[in-house]
Number of protein chains: 2
Amino acid sequence: MSDPSTGENLLFLTDEQLRQGIEAMFFAYRGFTADPDRILADMAYGRAHHRAIHFINRAPGTTVNNLLAILGVTKQSLNRVLRTLIEDGLVESRVGSSDKRERHLYLTDAGRALEQRLSDAQRARMRAAYRAAGPQAVAGFRQVLEAMMDPDMRRRYQALKESGA
Amino acid sequence: MSDPSTGENLLFLTDEQLRQGIEAMFFAYRGFTADPDRILADMAYGRAHHRAIHFINRAPGTTVNNLLAILGVTKQSLNRVLRTLIEDGLVESRVGSSDKRERHLYLTDAGRALEQRLSDAQRARMRAAYRAAGPQAVAGFRQVLEAMMDPDMRRRYQALKESGA
DNA sequence: AGTTTACGTCAGCCTTGTTGACATTCCAAG
DNA sequence: CTTGGAATGTCAACAAGGCTGACGTAAACT
């Protein structure tokens, strides 16, 4: 029953199991983004706007550079998104007080309202999935996801966790 | 210690916990796609090609319509990808024998070779994550992902699981 | 015979990513 | 004080990969 070389059952590491995990990630991610996508489709916004709003809400006053690193896109790409959000009055960009080159980003009331709508929708699905699977499964879920991240992303994730907890 | 209304500890369902789960999905999905993306970048291919190749490999002889439903894109979008794969000799499209309107899709030897390269890279990361987290965490991981899928995607996922196991 | 289905294709549009080039502003080191 | 580099913004051009709409063809169904 156990792998003789390690004394441990390694059946969960077969290629077939890994393939199923890959497909599970694919299908689940689709569900994960489906609800906010529906909300955003009605406005002139897309997933990129959602991501920006999410992380600005999560770390108010964050700099553009920091947001860039978290999102993993170029400044030009982020700038396009950010510009529309600022124009539409969802995000406020304040020049840094100590370092005036930096822009610190904040959600306006309207921005927070949209963030709420989007994250309510996304959390509802997450909550349903968590509840269906139970606390122990959730712990495992988070463990595997963390192990799947690139090391620098894992560091950023941990930092967010600690700041929010 | 336990929620009085249910007699169960529901701390794992707090908004903060859900937010962390959302961020974990985001960061992990980036890692999940990073390795194949690097391979694909060298060729003229993208993530869309990878997905098509993956599912054709997984269900050889699948029809265009079926692939469409699995991938959740329009036929125009899929057709663009499929055409290049056929032109480049990675995918073969055979007219159906019983129903001649249908095209059945197969990977060529070259297609299978690329599929191997891509899925080797992706499975390597998956395997490392699985190994680091352990079998019990993996079970929880899969449970939560399944619960997160849209019902029809869950059905398709289950069907693939059974066909491959 | 007429309708529906499966597929392909043309044309055009949008979001969101990319690179490259260049201006500005400011901090900090020399 | 000057100069180099960092942080930011902006313009332009481009590509991938989604989308809709429209049209055509062949096969199958009724």
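Bear in mind that the values here come from a model prediction, so they are computed numbers and not experimental data. The sequence lines fix the lettering, A, B, ..., with proteins before strands; numbering per chain opens at 1.
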Inset, instruction - Between B:Asn66 and A:Arg80, just flag the one whose closest nucleotide in DNA chain C comes earlier from the 5' side. - result: B:Asn66

Inset, instruction - Measure the distance from CG on B:Leu78 to P on C:dG8 and round it to the nearest whole Å. - result: 8 Å

Inset, instruction - State whether A:Arg47 places a side-chain N or O below 4.0 Å from either non-bridging phosphate oxygen (OP1 or OP2) of C:dC14. - result: no

Inset, instruction - Find the distance B:Leu40:CG to D:dA16:C1' and express it as a whole number of Å. - result: 12 Å

Inset, instruction - Scan B:Ser98 against the nucleic acid and name what it touches under 4.0 Å (heavy atoms): base, sugar-phosphate only, or nothing. - result: sugar-phosphate

Legend entry - Approximate separation, where rounding is to 0.5 Å, of B:Arg112 CZ and B:Ile56 CD1: 11.5 Å

Inset, instruction - Report the distance from atom CZ of A:Arg83 to atom P of C:dT15, rounded to the nearest whole Å. - result: 13 Å

Legend entry - Candidate nucleotides D:dG17, C:dG8, C:dC26, ranked by approach to the side chain of B:Val64 - the nearest: C:dG8

Legend entry - Short side-chain N/O contact to D:dT10 OP1/OP2 from A:Asn79, under 4.0 Å: yes

Inset, instruction - When you get a sec, tell me which of C:dG8, C:dG17, C:dC27 is the closest nucleotide to the side chain of A:Ala48? - result: C:dG17

Legend entry - Nucleotide of C:dA6, D:dT10, D:dC19 approaching B:Gln76 most closely (side-chain heavy atoms): D:dC19

Inset, instruction - Choose from D:dA26, C:dG20, D:dA6 the nucleotide whose nearest atom is closest to any side-chain atom of A:Arg101. - result: D:dA6

Inset, instruction - For A:Leu67 and D:dT8, give me the distance from atom CG to atom P, rounded to whole Å. - result: 10 Å

Inset, instruction - Starting from the C-alpha separation in whole Å, work towards a yes-or-no answer on salt bridge (charged side-chain N to carboxylate O under 4.0 Å, His left out) for B:Arg38 and B:Asp35. - result: CA-CA 5 Å; B:Arg38 263 188 291 272; B:Asp35 304 318; 2.7 Å; yes

Inset, instruction - Measure from CG on B:Leu68 to P on D:dG17 and round the result to the nearest Å. - result: 16 Å

Legend entry - Nearest-nucleotide pick for A:Ala44, side chain only, options being C:dT18, C:dT15, D:dC19: C:dT15

Legend entry - Integer-rounded Å distance: C:dT5 P and B:Asp99 CG: 12 Å

Inset, instruction - Please work out if A:His49 contacts a base, only the sugar-phosphate, or nothing of the nucleic acid, heavy-atom cut-off 4.0 Å. - result: sugar-phosphate

Legend entry - Any residue meeting side chain to side chain contact (heavy atoms under 4.5 Å, CB included) with A:Glu23, in chain and number order, not counting sequence neighbours: A:Phe27, B:His54, B:Phe55, B:Arg58, B:Tyr157, B:Leu160

Inset, instruction - In whole angstrom, give the distance that lies between atom CG of A:Leu82 and atom C1' of D:dA7. - result: 14 Å

Legend entry - Salt-bridge present (A:Arg117, A:Glu115; N to O < 4.0 Å): no

Inset, instruction - Measure the distance from NZ on B:Lys75 to C1' on D:dG21 and round it to the nearest whole Å. - result: 11 Å

Inset, instruction - Nearest-nucleotide wise, let me know which of A:Arg103 and A:Ser77 is further upstream toward the 5' end of DNA chain C. - result: A:Ser77

Inset, instruction - Check whether any side-chain N or O of B:Asn65 sits under 4.0 Å from OP1 or OP2 of C:dC7, and answer yes or no. - result: yes

Inset, instruction - Could you give me the CA-CA distance, side-chain angles and deciding distance for A:Glu146 and A:Met148, then say whether side chain to side chain contact (heavy atoms under 4.5 Å, CB included) is met? - result: CA-CA 5 Å; A:Glu146 282 191 38; A:Met148 214 181 310; over 6 Å; no

